[in-house]
Amino acid sequence: MSEVQKMRSQMKSGMGFIAALDQSGGSTPKALSLYGVEPNDYSGDEEMFQAMHDMRARIILADDFTSEKVIGAILFERTMNNTINGTPVPELLWQSRGIVPFLKIDKGLEEQANGVQLLKPMPGLEAQLLDAKAKGIFGTKERSVIHEANAEGIAAIVAQQFDVGAVVTAAGLVPILEPEVNIHSESKAEAEEMLESEIARHLNALPEGVDVMLKLTLPTQPGLYDALAKHPRVLRVVALSGGYSTDEASAKLAENSQMIASFSRALAEGLNVKMTDAEFNAALGANIDQIYRASVA
């Protein structure tokens with residue numbers, strides 16, 4: 001079995017969850033602040049991104065951050081191109097930790113229109129995908145956002161996700177399509193029903209042999225995405241925490257037996273730069289265990 005086949009098997013049926021370690025420029029200061037690193041602790045983008053890399057390295061090297069509970073990890077491009085103790089991060093994840101590496105490829109969001117925010121253009125995507133594949137990346141993730149139950153907007157956002165997914169698939173990678181629904185939307189439940197129907201329509205049009213993954217907001221109606229998870233063109237459906245606390249996200253995830261977690265903020269909740277390694281590992285280990293249990297419930 002090839003390495004890619006092993007990764008695919010792990011994504012299809014592995015027990016555990018996907019860690020989202022892909023905060024980028026806009027979300028990095030907030031993520032660092034929650035970690036206890038404030039803007040006056042660094043000067044300029046390079047120092048900011050180095051502080052973020054140090055945090056991610058600490059997570060990746062933690063005792064409990066292994067494939068026993070974490071089956072995949074989504075990386076920011078800088079992280080993919082960086083090293084930890086001299087080893088390229090994708091190689092370290094797969095060869096040393098048994099964790100399948102993914103790459104965040106979106107370049108941010110357009111302004112809101114028809115109740116959604118589409119992906120901004122991604123110039124140089126094909127070259128980026130070739131580079132990622134050469135570095136051992138298995139798949140990609142691209143996030144856009146739904147704010148309202150607007151049929152036209154939701155149709156456009158799903159169509160764009162599948163169009164990007166086709167480019168990713170052509171490069172030999174597996175896309176994680178992420179049309180997030182804003183958890184604060186007043187029409188969240190209705191938007192999710194529209195989204196489920198639109199995704200199913202596009203999945204039914206995919207040719208045999210083309211597989212995708214889906215990253216979706218935890219639904220208001222438990223089990224809403226069960227049929228999508230069982231679709232023959234879907235490797236896995238994963239859930240984003242979307243601003244919920246670790247406890248809230250884990251409780252909602254446990255209500256959706258066909259979804260596993262792909263949490264970012266909830267994974268790092270309570271971690272602090274000033275913690276000793278023992279304290280850090282214990283806090284992260286507790287988060288990992290809680291998210292794992294909700295994912296396999």
Considering only residues two or more places apart or on different chains, which pairs with a residue in residues 169-183 satisfy side chain to side chain donor-acceptor pair (under 3.5 Å)?
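Checked against side chain to side chain donor-acceptor pair (under 3.5 Å) - neighbours excluded - the pairs reaching residues 169-183 are Lys141-Glu178, Arg143-Glu180, His147-Asn182.
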Cluster partners of Ile176, using ILVMFWY side-chain heavy atoms under 4.5 angstrom, listed by chain and number?
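Grouped by the 4.5 Å side-chain rule, Val4, Met7, Met11, Ile18, Ile71, Ile74, Trp94, Val100, Phe102, Phe138, Val174, Met213, Leu235, Val238, Ile260 form the rest of the cluster around Ile176.
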Output yes when a side-chain donor or acceptor of [X] lies under 3.5 Å from a complementary backbone atom of [Y], and no otherwise.
{"X": "Thr79", "Y": "Leu75", "result": "no"}
{"X": "Glu255", "Y": "Thr220", "result": "no"}
{"X": "Arg233", "Y": "Glu208", "result": "no"}
{"X": "Thr83", "Y": "Pro88", "result": "no"}
{"X": "Lys215", "Y": "Ser262", "result": "yes"}
{"X": "Ser295", "Y": "Ile291", "result": "yes"}
{"X": "Gln258", "Y": "Ala229", "result": "no"}
{"X": "Arg265", "Y": "Ala31", "result": "no"}
{"X": "Glu148", "Y": "Asn114", "result": "no"}
{"X": "Asp289", "Y": "Gly285", "result": "no"}

Heavy-atom check, side chain of Met259 versus side chain of Asp226, under 4.5 Å:
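Met259 vs Asp226: side chains apart.
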Side chains of Asp64 and Asn281 in contact at under 4.5 Å (non-hydrogen atoms)
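Result no, sub-4.5 Å side-chain heavy-atom pair not found.
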Closest contact, heavy atoms only, [X] versus [Y]:
{"X": "Leu125", "Y": "Val167", "answer": "CD2-CG1, 3.8 Å"}
{"X": "Lys120", "Y": "Lys107", "answer": "CD-O, 3.7 Å"}
{"X": "Gln221", "Y": "Asn256", "answer": "O-OD1, 4.4 Å"}

Candidates Thr217, Val116, Val145 - the one meeting side-chain contact (heavy atoms from CB on, under 4.5 Å) with Val181
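Answer after filtering Thr217, Val116, Val145: Thr217.
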Answer yes when Asp131 and Lys135 have at least one side-chain N-carboxylate O distance shorter than 4.0 Å, and no when they do not.
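Yes, charged N to carboxylate O under 4.0 Å.
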Are Lys104 and Phe76 in a cation-pi contact, defined as NZ or CZ under 6.0 Å from the six-membered ring centre and within 45° of the axis?
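Judged by the rule, Lys104 and Phe76 form no cation-pi pair.
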Is it true that the NZ or CZ of Lys252 lies under 6.0 Å from the centre of Tyr244's six-membered ring and within 45 degrees of the ring axis?
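The answer is yes, since Lys252 meets both limits relative to Tyr244.
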Within a 6.0 Å radius of atom [atom1] on [X], are there more than 12 heavy atoms belonging to other residues, nucleotides or ligands?
{"X": "Glu186", "atom1": "CD", "result": "no"}
{"X": "Glu279", "atom1": "CD", "result": "yes"}
{"X": "Gln95", "atom1": "CD", "result": "yes"}
{"X": "Lys12", "atom1": "NZ", "result": "yes"}

Phe162: which residues meet the ring-ring contact (aromatic ring centres under 6.0 Å, His included) condition with it, sequence neighbours left out?
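So Phe162 forms a ring-ring contact (aromatic ring centres under 6.0 Å, His included) with His202.
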